[in-house]
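For the numbers below, each heavy atom of this structure counts, side chains included, while hydrogens, waters and symmetry mates do not. Note that this is a predicted model, so its numbers are computed, not measured. FYI, the numbering just counts along the sequence from 1.
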Amino acid sequence: MALTPLVYWAQRHEDIYLRVELTDVQNIDVHVDENVLHFSAQGHGAKGQNEYKFSLEFLLPVKPQLSYKSTQRQVNITVHKVQRGWWERLTLRERKPVFLAPDFDRWLDESDAEMEIREKEEKKNRLKASRQKEAGFVSLKTVFLIVYNLVQFLGFSWIFINMTVRLFIIGIDSLYDTFHTISDVMFFCQILALVEVLNAAFGVVKTGVIPTLIQVVGRNFILFIIFGSLEEMHHKPVVFFVFYLWSAIEIFRYPFYMLGCFNTEWKTLTWLRYTVWMPLYPLGVLAEALAVIQSIPIFDESKLFSIPLTKAIGTSVSFSYFLYIYLVLMFLGLFINFSHLYQQRKRRFRTKKRKAN
C-alpha cells in the first residue's frame, strides 16, 4: 500500500514550490492533470523505505509544464501559475491535507515577495545599466584604438613609401638627407607611440608593459638623443637604415591591430605581422647600435651631456660612458623583446592550428 510523504510548500507571485521529504528516491512520476498534481516515487520517508504517493488540487489554474529536481535528501518541484498573483491557500479545499505544511525556509508574505521582486528588478536594472556603461566604454575605447592605429599606419606608411621612392629616384644620395626629409613625421609617430605604454599600463590593451616600454623608450632615445641632438649624425646613412627598418615593421603591425578592433582577420597580414619582425627587429637593433657607436666620438669631442664632477678638479664624466652601458642594455632588451614576440607568435599559431583541427 502506498504511503503519503511529508510535503512542504511556499509560493511567489508566479510559482509554487513543493519540497517532498524523501531520500534515495527512485522511479519518480510527477505531472499535472486537470489542475491536479500527481506524485509517486519509491524512497525512504517518515515510514521507511516504501512507495509514496500524493495528489494536490490547486486553488487556481496552473500550467501543465512543471520542473523537478531530486537530491539525496528530497525532491524539489516547481509549478508555474497561469496568472500572476498571490494565493490565499494552496489547495481548492479549504481544509489543508495533513501531510502538507508551510516551507518556512522559503516562506514569504505577499509584501515580502513584492519587496523581493523589486530588489531583483533593481539588481537587474543596475546590471543592465552597468553593461550599457561598459558597452559604451568599450565602444569609445574601440574608436580610440582604431583612430590611433590608423594614424600610426598612415604615418609609417608615408615614411616607408617616401624613402623607397626617393631611393629609386635619387639613388644612394638619398641616404644622406634622410633625417631632413623624414624626421618630422618620425618625431610625430614616435612621440605618439608613448600612448602605447599608457595603454598597456592602464589595461586598455592586453600586452606587457615592459616589452612596450623597452621598444618605445629605446627608439625615442635613438631618435631624440643620438639623431636629434647631434647635427653631425643628420647626414649619416645609418639614419636611413634605422628609419627604414622601423617603418617596415610598423606598416604590418598597426593594420593588424586595426583589423583586430573590428574582430576581423586577414590571414596574410597575420602571418606577416608575426613573421617579418624576426629578421627586421634584430637588424633594427644592429642599426641602432651602429648609430650609438658612431655617435660616441662626437659626444666625447663636443662634451654634450657630460656630467661635471667638481669645479676644483675641472673634469667631467663623458656621456659616452653611459652610451656603452646603453649598448649592453640594448642587446638585453633585444633578448627580452625577441623572446616576448616569439612566445606571442607560438601562441597565435598554436591557437589557429587548434581551431583548424
Side-chain angles (χ1 to χ4, degrees), residues 156 159-160 163 167 172-197 200 208-250 277-341:
F156 280 106
I159 293 171
F160 184 82
M163 294 177 69
L167 182 62
I172 198 170
D173 289 339
S174 67
L175 274 61
Y176 298 96
D177 64 349
T178 298
F179 186 85
H180 293 291
T181 56
I182 303 297
S183 61
D184 289 341
V185 179
M186 185 61 79
F187 279 133
F188 171 78
C189 291
Q190 284 306 129
I191 291 173
L192 191 60
L194 293 171
V195 174
E196 296 181 30
V197 180
V209 179
I210 299 301
T212 306
L213 185 66
I214 290 174
Q215 176 170 309
V216 173
V217 173
R219 284 188 178 183
N220 283 344
F221 180 85
I222 297 296
L223 181 61
F224 288 93
I225 303 300
I226 303 300
F227 294 154
S229 65
L230 297 177
E231 188 175 349
E232 294 87 342
M233 293 294 297
H234 292 179
H235 302 286
K236 299 283 187 182
V238 70
V239 177
F240 174 90
F241 293 106
V242 170
F243 284 6
Y244 202 73
L245 290 168
W246 285 358
S247 59
I249 294 173
E250 305 303 15
W277 65 266
M278 298 180 75
L280 296 182
Y281 185 60
L283 287 174
V285 173
L286 288 175
E288 293 172 24
L290 179 60
V292 173
I293 293 171
Q294 290 181 353
S295 71
I296 289 176
I298 303 174
F299 278 111
D300 285 338
E301 183 178 352
S302 64
K303 304 295 182 181
L304 186 63
F305 301 136
S306 296
I307 301 175
L309 292 178
T310 62
K311 292 182 179 180
I313 300 176
T315 59
S316 60
V317 177
S318 175
F319 186 67
S320 61
Y321 292 111
F322 295 97
L323 293 180
Y324 288 120
I325 298 173
Y326 179 78
L327 284 172
V328 176
L329 296 177
M330 180 186 296
F331 286 100
L332 179 61
L334 168 64
F335 174 78
I336 294 173
N337 270 12
F338 196 96
S339 176
H340 171 73
L341 292 170

Within the structure provided, determine whether [X] and [Y] are in side-chain contact (heavy-atom separation under 4.5 Å).
X    : Y    : answer
I182 : F240 : no
V285 : N337 : no
I222 : W246 : yes
F243 : L223 : yes
L175 : L167 : yes
F156 : M186 : yes
F227 : V238 : yes

Roughly how far apart are [X] [atom1] and [Y] [atom2], rounded to 0.5 Å?
X    : Y    : atom1 : atom2 : result
I293 : L323 : CD1   : CG    : 10.5 Å
L230 : S295 : CG    : OG    : 6.0 Å
F241 : L283 : CZ    : CG    : 10.5 Å
M163 : I159 : CE    : CD1   : 8.0 Å
F299 : Y321 : CZ    : OH    : 15.0 Å
Q215 : I336 : CD    : CD1   : 13.0 Å

If you draw a 6.0 Å radius around [atom1] in [X], do more than 12 non-hydrogen atoms from other residues or ligands fall strictly inside?
X    : atom1 : value
E232 : CD    : yes
F188 : CZ    : no
Y176 : OH    : no

Heavy-atom pair with the smallest gap, counting every atom of [X] and [Y]:
X    : Y    : value
T178 : S174 : OG1-O, 3.1 Å
P279 : P282 : O-CD, 3.5 Å
L245 : A287 : CD1-CB, 4.2 Å
A248 : L280 : CB-CD1, 3.8 Å
S318 : D300 : OG-OD1, 2.6 Å

- Task: Determine yes or no for a side-chain-to-main-chain donor-acceptor pair under 3.5 angstrom, with T212 supplying the side chain and G208 the backbone.
- Result: yes
- Query: Is there a donor-acceptor contact under 3.5 Å from the side chain of H234 to the main chain of D177?
  - Reply: no
- Message: In terms of relative ring orientation, are Y244 and F160 parallel, tilted or perpendicular, with 30° and 60° separating the classes?
- Response: parallel
- Message: Consider side chain to side chain contact (heavy atoms under 4.5 Å, CB included). Of F322, F305, Y326, which one does I225 pass it with?
- Response: F305
- Of W277, F331, Y281, the one forming a ring pair (Phe, Tyr, Trp, His ring centres under 6.0 Å) with F338 is W277
